[in-house]
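Reckoned from all heavy atoms, side chains included, excluding hydrogens, waters and symmetry mates. We number each residue from 1, following the sequence as shown. Just follow the structure's listing: the first ligand is 1, and inside any ligand the first atom is 1.
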Amino acid sequence: MDLEIQPVSELKKRVEDESQLVFGKQFTDRMFVMQYDTGQGWHSARIQPYAPFTIDPAAMVLHYSQEIFEGLKAFRRPDGNVALFRPADNVKRFNLSARRMCMPEVDEQFFLAALLKLIRLESDWVPHSEGTSLYIRPTMIATEPMLGVRPADQYLCYIILCPVGTYYKGGIAPVKIWISDHYVRASEGGTGEAKTGGNYAASLYAAREASLKGYDQVLWLDAKEKKYVEEVGSMNMFFLYDGKLVTSPLKGTVLDGITRRSVITLARELGIEIEERALTVDEVLEGAMNGRLQEAFGTGTAVVISPVGEFCYKERCVRLGDGKPGELTMKLYNSLTGIQYGRQPDPHNWVTLL
Ligand code: COI
């Protein structure tokens with residue numbers, strides 16, 4: 001398939017002060033778009049000016065949420081060059097999500113090449129300051145106008161870009177997490193491991209409650225027994241427990257995070273044993289009290305590595321650490337971001353230079 005490059009006649013005004021960048025608010029001048037029709041496959045691939053779509057009110061995504069997305073980042077390096085972090089892994093996961101949601105897969109090589117071309121054209125938008133990056137959002141939606149419940153026959157796939165600062169306002173300051181004893185995010189056999197909008201829509205009610213109580217995020221328990229901690233929606237969770245790094249196993253309810261995978265590799269290199277096992281909410285609360293739980297942090301493309309300073313479950317709240325990120329959390333943060341921003345070698349070939 002050819003990739004058409006359309007001219008951009010009007011450039012947007014940018015946020016000049018990079019400290020004012022808000023996550024996901026400002027978008028660049030161009031976007032990638034391609035269309036799919038059953039029988040024809042993917043077609044009309046183009047990089048065009050960023051613009052709203054015209055969409056039929058009956059488009060199936062608007063009714064039945066047949067939608068998937070990805071999140072990855074491009075980083076400005078000290079020599080001015082730009083690097084993407086594990087982009088091929090995101091494209092692979094995009095296709096896994098597509099399969100789960102009965103959507104057409106993309107050609108991985110073509111999609112990755114189109115993504116790189118888009119970033120090259122928009123490379124001026126990659127911010128320069130510490131902790132900033134260009135967030136990349138590949139998305140696919142079902143556009144066929146039809147109210148029957150079945151997989152659509154028409155889709156739109158696009159990639160948009162936004163320059164971002166840190167995901168949480170406080171940067172790497174520890175966040176406060178509310179553990180939900182009532183609402184659940186995903187159950188076994190459900191869509192928890194797919195990156196699909198419905199999972200996030202399902203999380204909003206509890207997230208609003210948590211926010212009203214002064215918490216930053218919700219930590220979800222397993223749907224069956226409401227006993228085991230799983231993930232935080234926008235991040236996978238890690239617990240430094242009895243000197244080992246514990247994280248939920250991948251059994252269909254949590255996202256196979258690319259930052260999660262990277263952190264597992266980096267922690268092993270530091271000699272830390274990894275346990276992929278279900279940790280109970282009691283272990284978290286008791287562990288924070290008796291010192292067995294030394295550190296906890298979340299991982300994700302948007303959040304990078306985000307330390308947790310407090311957990312609250314029902315009426316019980318426990319604090320972790322002294323208000324600063326833990327030692328292992330910081331070590332992992334520094335080595336991950338060191339590789340991403342090109343301050344450290346990249347022994348695993350995670351980085352793709354433009
Ligand atoms: C990401 O980390 O890229 C995500 O997709 C989380 C998001 C919902 C902000």
Please list, in number order, the atoms of ligand 1 under 4.0 Å from a heavy atom of Tyr167.
9 (C)

N/O of Thr301 under 3.5 Å from N/O of ligand 1, yes or no?
yes

Looking only at protein heavy atoms, what sits closest to atom 7 (C) of ligand 1 is Arg137 NH2, 4.0 Å

Would you say Gln66 and Tyr155 are linked by a side-chain donor-acceptor pair, where the criterion is simply a distance under 3.5 Å?
yes

Checking a contact table here: which protein heavy atom is nearest atom 5 (O) of ligand 1, and how many Å away?
Lys195 NZ, 2.8 Å

Backbone or side chain, does any N or O of Ala302 fall under 3.5 Å from an N or O of ligand 1?
yes

Does a donor on one side chain sit under 3.5 Å from an acceptor on the other, for Ser248 and Glu230?
no

Looking at Arg260 and Glu276, does any basic side-chain N land under 4.0 Å from a carboxylate oxygen?
yes

Taking 4.0 angstrom as the limit, do Asp256 and Arg261 come out as a salt bridge?
yes

If the threshold is 4.0 Å, N to carboxylate O, is there a salt bridge linking Glu188 and Lys251?
yes

Before accepting this row, confirm whether a basic side-chain N of the pair Arg316/Glu286 lies closer than 4.0 Å to the acidic partner's carboxylate O.
yes

Salt-bridge present (Asp242, Arg292; N to O < 4.0 Å):
yes

Check this for me - ligand 1, Tyr200, N or O atoms closer than 3.5 angstrom, yes or no?
no

Do any heavy atoms of Glu70 fall under 4.0 Å from ligand 1?
no

among protein heavy atoms, the one nearest atom 1 (C) of ligand 1 is Tyr135 OH, 3.3 Å

For Phe69, take its heavy atoms, then give the atoms of ligand 1 lying under 4.0 Å from any of them.
5 (O)

